[in-house]
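Below, read A as the first sequence line, B as the second, and so on, with proteins coming before strands; counting in each chain starts at 1.
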Amino acid sequence: MPPATRAPGTAIDAVALRKTYPGGRGRPPVRALDGLSFAVPTGTVFALLGPNGAGKSTTTKILATLSRADSGTAHVAGTDVARHPERVRRAIGYVAQKPVTDPMDTGRENLVLAGRLQGLGARDARARAAELLDRFSLTDAADRLVTTYSGGMARKLDVAMGLVHRPQVLFLDEPTTGLDPEARAEMWAEIERMTAVESMTILLTTHYLEEADRLAANVAIVDEGRVVVAGTPDALKDELRGDGIVVELAPGVPDDGASLAGRVADAVRASGVRDVRVEGRTLRARADAGAVALPAVLAGLDAAGLPVASATLARPSLDDVYLRHTGRSLTAAQAGSRSAAGDHAGAAAEEVAA
Amino acid sequence: MTAVVHTGLLTARALRQGARIPVFMVMNLVQPMIWLLLFGQLFRSVVEIPGFSTGGTYLEFITPGVVMMTAMFGAAWAGSSFVQDMDRGVMDRFLTSPTSRGALVASTMSYQAVVAVGQALVVLAVAWLRGARFGSTPGETTLGVLALLLAVVLLTALFSALSNATALLTGQQEALIGISQLITLPLMFLSSAVMDTRLSPAWVADVARYNPFDWAVVAGREALAASPDWGVVWGRLGLLALAAVVMGWVATQAFRTRQRSA
Ligand SMILES: Nc1ncnc2c1ncn2[C@@H]1O[C@H](COP(=O)(O)OP(=O)(O)OP(=O)(O)O)[C@@H](O)[C@H]1O
Ligand SMILES: [Mg+2]
């Protein structure tokens, strides 16, 4: 019953995972994972970030024993997921990207059944269900069928389902997608509490950079089935040397796409900034010393007859890291409304004009 | 032990959800009555054909046939709850928890068995009201009915397992329609459910000998006869039990393919 040898300090250890799905009907197979590796220290939150189709869900499915890797190894709570899946299942909670609750049962019935299947006695399961309903502010809806829940309520119940048995390792696949800012903030607080008080290890996938920045001790950016970069959020940001410069041109400037982009790029060429990108009327660039470069940028734009609405100087954000490593801005990948807490990290525009 | 507890919990879930759709329950009970009365009227005079085996009425002849038809057709749909759970992510949650695979299969069997036993009792009651009589003494009748219900449970288990395996392998509701069209319907016609096979072409009688559905019909009919040949009853029940165990094992193995395609 108790988990066997737990590698001290490492709750999740994935090494060179590969997985290919058959394409079906003559289409070529899809390579979902292409040698993905990472490790999660016990009792910490680890975030997997990446564009749609990067392989985040595939990774969590393999670690949660739902799916099998074609090659590579993975240990969860010290146990090999391919060799002893039944032992892993006792140690984990898994909240899939899609809803996992039974819409034809009530919230309470869902939780009690989940608890009992995890081995809790009838009384314990009922008590635990009541506790979780209360913690996720679902008590009022507890005895209604889940079909009548709003998307956000159903999502909270999904996460509660993964917690019923106080797992050592919790997989949360996009837990806050579709939640309003208030509910998202509640969920964040709950996740922080779980790692602090219950010393749970959490693997989180998300499209929200603020979420990873706030919750995760470590982040891995995944693209095309591989980890392209991993580290603490701060270390990743430090890797991007210098400051970010963002200049908004005045609304009066005609936005004619490529030709405007070309004019702007020419205008700032002499100012010594790097990584210049123009999206619509927004100019983004990096400079070793932002305070010195910014006046030069503004002067260049002025000389070219391009009036400016606003200019900001910012420390690199995870969004910059993401963009740098995946070549994609995050906004395009995001579904639903953004968090109200959207700082500069959330302000990225559409697709990058490469 | 865990598997037994899990089977109980999951069966309770199925019953709870079934009870939430009363229309469904009513339909489950009305449908076998319609069959009984329809077939009973349509073919009433076939008993007068020389060579028809039974000494009793046609209603008495088809009652066990209708009981088994109801059980088989119902169980053939058992997999639809798996398909639903797969679509809803409920199955993935079960599969990443210590939930017993065997219990997942067994719980759909026992849910279907509860429904089918209820239907069988309704069919027997309606037949009795319409004048059919089974067994020769109250003791014999009780024993006969119990043996018939055992056949119902085993037949249900066999076809629930087949339906579950199909659901797990294909993940599609459409595949279950295929089972109904391609397997259960022909099995029904290649049996003695509504027609004495001695009056059918010889090959039908031959096929019927290997038809699990016919095993259940024969066991049930013999058990309700005036002087049952218990050897025949237990022989058929044994065959059915064996088939149900094998198919149950196959269904449990089918969970592996789910892991490969997830
Ligand atoms: N069951 C499956 N059958 C076939 N292909 C699949 C299956 N699951 C995932 N894929 C493919 O594998 C790749 C990785 O998918 P995955 O769901 O892991 O991405 P993701 O990073 O979670 O994306 P998202 O952010 O959109 O959730 C995609 O190309 C996807 O189409
Ligand atoms: Mg995903």
* Asked: Is the shortest heavy-atom distance from the side chain of Asp92(B) to the side chain of Lys61(A) under 4.5 Å?
  -> no
* Engaged part of Arg101(B) at the chain A interface, taking heavy atoms whose separation is under 4.5 Å -> side chain
* Asked: Does the side chain of Pro99(A) reach to within under 4.5 Å of the side chain of Arg88(B), using non-hydrogen atoms?
  -> no
* Asked: How far does CZ of Arg93(B) sit from CG of Asp158(A), to the nearest 0.5 angstrom?
  -> 8.5 Å
* Asked: Relative to chain B, which segment of Leu145(A) carries a heavy atom at a distance below 4.5 Å: side chain, backbone, both, or neither?
  -> side chain
* **Check: Leu95(B) main-chain N/O paired with Arg89(A) side-chain donor or acceptor under 3.5 Å** => yes
* **More than 12 heavy atoms from other groups under 6.0 Å of CZ on Arg18(A)** => yes
* Any sub-3.5 Å donor-acceptor pair from Arg13(B)'s side-chain atoms to Leu113(A)'s backbone N or O? -> no
* Rounded to the nearest 0.5 Å, what's the gap from CZ on Arg16(B) to CD on Glu109(A)? Could you check? => 4.0 Å
* Name the option with the most non-hydrogen atom pairs under 4.5 Å to chain A; the candidates are Ile21(B), Val5(B), Val90(B), Asp85(B). => Val90(B)
* Toward chain B, the part of Thr101(A) with a non-hydrogen atom under 4.5 Å -> backbone
* Can you tell which of Ile62(A), Asp102(A), Asn110(A), Val95(A) has the highest number of heavy-atom pairs within less than 4.5 Å of chain B? -> Asp102(A)
* Check the surroundings of atom CZ in Arg20(B): do more than 12 heavy atoms from other residues, nucleotides or ligands lie under 6.0 Å from it? => yes
* Asked: Which answer fits Ala64(A), side chain, backbone, both or neither, if we ask what part of it has an atom under 4.5 Å from a heavy atom of chain B?
  -> both
* Check whether more than 12 heavy atoms from other residues, nucleotides or ligands sit under 6.0 Å from atom CZ of Arg130(B), and answer yes or no. => no
